Amino acid sequence: MINRPLHTKFGMMARGKDEHVEVMRHSAAHVLAQAVQSLFPGAKFGIGPPIENGFYYDFDLLRPLIPEDLPVIENKMREIINDNLPFIKEEVDKDTAHRIFAAQPYKLELISELPDSTVTIYRTEGGPHPPHPLSGEGQLERRPSPPPTLSGEGRQGTFTDLCRGPHVASTGEIKAFKLTHIAGAYWRGDENRPMLQRIYGVAFATQAELEDYLSLQAEATKRDHRKLGKELDLFSIHEEIGPGLICWHPKGALIRQIIEDFWKAEHAKRGYDIVYTPHIAKLDLWKTSGHWDFYRDYLYPPMEIEGQQYMLKPMNCLGHILIFKSQTRSYRQLPLRYAELGTVYRYERSGVLYGLARVRGFTQDDAHIFCRFDQIEEEVAGILKLAQFMMNNFGFKNYDLLLSTRPEKYAGTLEIWEQATQSLQHVLEKLDLPYEIDPGEGVFYGPKIDIKIKDALGHAWQGPTIQVDFNLPLRFNVCYIGEDGKERNVTMIHRTVLGSMERFLACLIEHYGGAFPVWLSPVQAAIIPIADRHVSYAHHVGNELARENIRVRVDDRSERMTLKIREAQLEKIPFMLIIGDKEMASDGVSIRLRNGEDIGWENIGQIKERIKAAIEAKS
RNA sequence: GCCCGAGUGGCGCAAUGGUAGCGCAACCGACUUGUAAUCGGUAGGUUAGAGGUUCGAAUCCCCUCUCGGGCUCCA
């Protein structure tokens with residue numbers, strides 16, 4: 001019952017420690033709201049906090065925002081910034097606040113919920129113009145695009161916002177910012193409440209930092225696995241098949257297969273047994289497990305076969321449990337570790353699907369460990385080491401560990417939760433792994449450790465997860481015979497060390513920007529004869545390399561060498577071996593790397609060794 | 001699921017109510033080439049699907065599907 005890995009698309013960058021920047025971002029949100037007030041009279045205001053790299057503000061407007069609005073709002077913000085309006089803090093009692101924000105239902109709601117008898121408000125006051133507090137009523141007509149506003153001195157009105165602060169001294173301190181996008185967002189994050197329009201912006205202390213950030217975003221766009229998946233011909237998703245369902249093309253399938261082979265071999269070395277279990281099972285099984293009651297919304301509806309209800313499996317654990325239960329087990333056999341690259345299907349709401357990273361059918365690199373309670377620590381330690389081994393081999397240097405503790409709704413006794421949580425904590429400390437505690441985020445059946453992988457651009461992806469389970473062994477009466485001859489419930493550990501093949505590939509594609517290390521590259525060497533007379537020697541070299549299990553492609557088309565190089569380059573093939581008269585005469589090749597580097601001539605033995613060494617190094 | 005936006009040959013794009021075009025790819029032919037695109041030709045689209053408005057719809061309206069940006073969710 002592995003926790004569906006969480007997807008965080010633009011995850012944590014190094015958390016900005018600079019508090020001043022945080023304050024400035026918050027003030028930028030305030031200025032954004034002031035700009036919107038002046039351009040959209042009658043706007044209702046939600047909240048506008050600073051966030052990673054920037055800020056946002058939520059508005060309730062009479063018409064939907066369009067992308068063309070952003071530059072206009074941005075210009076207005078620049079005016080306000082140029083006017084260098086001071087931020088004035090005031091403390092008022094709640095009655096006064098209610099009066100000030102009489103036309104602002106969202107603000108009123110916030111005020112009512114504040115515990116203190118007084119609240120703080122911030123004003124930016126500008127120029128000789130009459131104030132427009134938020135209480136002003138106004139009309140907002142629908143128009144294709146707001147009229148451009150020209151900057152002028154002292155034109156701003158007063159903007160007052162409910163806010164704890166702090167703010168910068170005056171709007172002029174807001175330096176480098178840019179509005180980035182518009183989105184819908186539920187008021188207070190509650191899907192039953194109105195949807196507001198959110199404007200996002202980024203802001204930094206200097207223009208240079210802003211530009212760095214924007215170029216990093218541009219780089220991220222280039223590395224987007226959905227884009228690279230198409231460009232590199234790795235996978236596709238078809239309207240005709242259905243959303244969230246993946247077709248792996250030969251090259252993507254090859255990468256996946258290499259990873260799976262590696263995975264299987266490493267598991268075998270560590271005492272795991274590989275198993276296979278069916279993709280459908282009788283509905284009663286899922287009723288016994290509790291899935292039918294707890295997660296019905298995520299399951300595909302049952303199908304009827306010969307009067308029996310069957311269901312597509314949303315996880316692999318039940319098959320593994322039945323394999324375990326197929327014999328009476330002794331404590332001497334424990335731990336038993338069943339591993340399966342198990343494909344599961346879960347209904348995900350349409351709006352949440354995302355490339356390979358959030359799909360409806362996916363293959364977990366799953367395993368279930370059946371052990372005694374006192375074996376948890378050792379097993380978890382083994383899993384953590386395996387997970388680290390995997391991360392290292394795939395080039396991930398940074399990851400965060402999260403220990404999730406008991407949620408409000410839980411199965412099992414407090415005592416057993418306490419012990420299990422302590423075991424996990426103890427292992428993390430013994431292995432000297434830094435971790436954070438995620439209070440109450442455990443699964444109902446037990447505590448867990450999640451690993452969030454950071455790719456080359458710092459985006460965090462939910463990867464491996466380790467979950468202790470006290471629930472299923474009870475529901476299915478999964479037991480072993482102890483030393484004393486008595487039956488005891490096993491402890492189950494659900495775990496993945498990659499997450500799912502789909503999401504892991506998404507993460508890998510973005511991590512490497514599509515330039516996979518040699519061991520994973522679908523084509524490791526492109527052999528490029530210059531003219532047709534070099535083709536037969538090129539095939540000879542190709543055969544030599546293929547004999548060493550190097551994945552090679554001889555580009556024997558009657559095309560120009562530069563075209564072949566260009567195409568190999570776009571395919572991100574690590575080695576390009578150029579063959580002309582010189583190479584043919586000297587029984588060698590000239591080597592070009594995908595970074596453009598020209599290695600020059602090598603003989604066939606040397607190039608074999610070079611490529612084999614790169615494969616071996618997994619680099 | 002919700003808000004907003006988008007869907008045009010395999011891919012990337014153009015055409016804002018009046019004959020659906022361009023580049024790449026594909027196919028055919030010529031060129032035989034030294035480190036990121038040789039030249040010429042041919043073929044390919046009932047404009048996501050269904051309905052409506054109109055003399056006339058890629059274009060305007062309605063519904064459905066899919067995708068994108070977010071929100072919510074993610075055992």
Side-chain angles (χ1 to χ4, degrees), chain A residues 1-10 56 58 60-61 63-69 180-200 224 226-227 230-231 233 236-244 289-291 293-299 314-315 317 344 346-355 357-359 407 409 442-446 448 462 465 467 469 471-472 494 528-535 557-571 576-583 590-594 596-600:
Chain A
M1 212 190 303
I2 290 294
N3 183 1
R4 186 57 215 280
L6 164 77
H7 175 248
T8 311
K9 204 177 346 148
F10 293 104
Y56 68 78
D58 288 341
D60 192 348
L61 304 174
R63 72 158 171 92
L65 289 166
I66 53 175
E68 291 73 30
D69 290 326
T180 53
H181 53 283
I182 305 163
Y186 297 112
W187 168 237
R188 312 198 84 178
D190 182 341
E191 64 179 319
N192 298 311
R193 308 205 62 183
M195 182 156 276
L196 308 180
Q197 299 194 66
R198 176 172 295 178
I199 298 176
Y200 281 97
D224 188 317
R226 294 166 302 181
K227 185 175 148 75
K230 196 178 281 182
E231 287 174 5
D233 194 18
S236 56
I237 301 172
H238 301 266
E239 196 172 336
E240 299 89 325
I241 292 176
S289 68
H291 293 117
D293 288 333
F294 278 99
Y295 311 120
R296 197 175 309 187
D297 289 349
Y298 297 93
L299 305 177
M315 64 263 317
C317 33
V344 298
R346 299 176 187 180
Y347 167 72
E348 298 280 1
R349 298 207 281 177
S350 56
V352 308
L353 301 173
Y354 180 78
R358 187 85 180 265
V359 291
K409 219 175 120 192
V443 194
F444 79 91
Y445 50 73
K448 65 170 179 176
Q462 170 67 49
T465 180
Q467 305 174 356
D469 184 353
N471 181 51
L472 285 178
H494 309 252
I528 300 178
I530 292 175
D532 289 348
R533 65 177 174 281
H534 309 125
V535 164
R557 295 174 301 166
S558 295
E559 291 289 350
R560 275 160 177 68
M561 174 203 61
T562 50
L563 181 86
K564 297 177 188 178
I565 288 177
R566 176 182 155 80
E567 291 184 357
Q569 204 60 60
L570 292 173
E571 258 187 78
M576 282 159 262
L577 310 182
I578 317 290
I579 286 168
D581 291 334
K582 210 170 63 187
E583 289 76 14
S590 286
I591 306 160
R592 177 194 164 100
L593 304 182
R594 63 185 157 190
E597 195 183 336
D598 188 352
I599 301 285

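Quick caveat: nothing in here was measured; it's all calculated off a predicted structure. Lettering follows sequence order; numbering is per chain, from 1.
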Please determine if Asp581(A) and Arg533(A) form a salt bridge, counting it only when a charged side-chain N lies under 4.0 Å from a carboxylate O. yes
Does a side-chain N-to-carboxylate-O contact under 4.0 Å join Arg188(A) and Asp190(A)? no
Would you mind reading off the distance between [X] atom [atom1] and [N] atom [atom2], rounded to a whole angstrom?
{"X": "Met561(A)", "N": "C31(B)", "atom1": "CE", "atom2": "P", "result": "20 Å"}
{"X": "Asn192(A)", "N": "U72(B)", "atom1": "CG", "atom2": "P", "result": "13 Å"}
{"X": "Tyr56(A)", "N": "G69(B)", "atom1": "OH", "atom2": "C1'", "result": "16 Å"}
{"X": "Arg63(A)", "N": "C4(B)", "atom1": "CZ", "atom2": "C1'", "result": "12 Å"}
{"X": "Arg560(A)", "N": "U33(B)", "atom1": "CZ", "atom2": "C1'", "result": "5 Å"}
{"X": "Arg296(A)", "N": "A75(B)", "atom1": "CZ", "atom2": "P", "result": "19 Å"}

Is there a donor N/O on one and an acceptor N/O on the other, under 3.5 Å, for the side chain of [X] and the base of [N]?
{"X": "Arg349(A)", "N": "C2(B)", "value": "no"}
{"X": "Glu348(A)", "N": "G1(B)", "value": "no"}
{"X": "Arg358(A)", "N": "C73(B)", "value": "yes"}

Do the side-chain N or O atoms of [X] get closer than 4.0 angstrom to the phosphate oxygens (OP1, OP2) of [N]?
{"X": "Arg198(A)", "N": "C4(B)", "answer": "no"}
{"X": "Tyr200(A)", "N": "C71(B)", "answer": "yes"}
{"X": "Thr562(A)", "N": "U38(B)", "answer": "yes"}
{"X": "Arg533(A)", "N": "U33(B)", "answer": "yes"}
{"X": "Arg226(A)", "N": "G69(B)", "answer": "yes"}

Among A75(B), U32(B), G70(B), which is the nearest nucleotide to the side chain of His181(A)? G70(B)
Which heavy-atom pair separates Phe294(A) from Lys409(A) by the least distance, and what is that distance? CE2-NZ, 3.6 Å
Would you write out the dot-bracket form of RNA chain B, 5' to 3', with Watson-Crick and G-U pairs under 3.5 Å, [ ] for crossing pairs, | for pairs to other strands and . for unpaired bases? (((((((..((((....[..)))).(((((.......))))).....((.((..]....)).)))))))))....
Give [X] one of three labels, base, sugar-phosphate or nothing, depending on what nucleic acid heavy atoms sit under 4.0 Å from its own.
{"X": "Leu570(A)", "value": "base"}
{"X": "Tyr298(A)", "value": "base"}
{"X": "Ile530(A)", "value": "base"}
{"X": "Gly189(A)", "value": "sugar-phosphate"}
{"X": "Asp581(A)", "value": "base"}
{"X": "Glu559(A)", "value": "base"}
{"X": "Lys230(A)", "value": "sugar-phosphate"}

Parallel, tilted or perpendicular: which one describes the rings of Tyr445(A) and His494(A), with boundaries at 30° and 60°? tilted
Rounded distance in Å between the C1' positions of A50(B) and C63(B): 8 Å
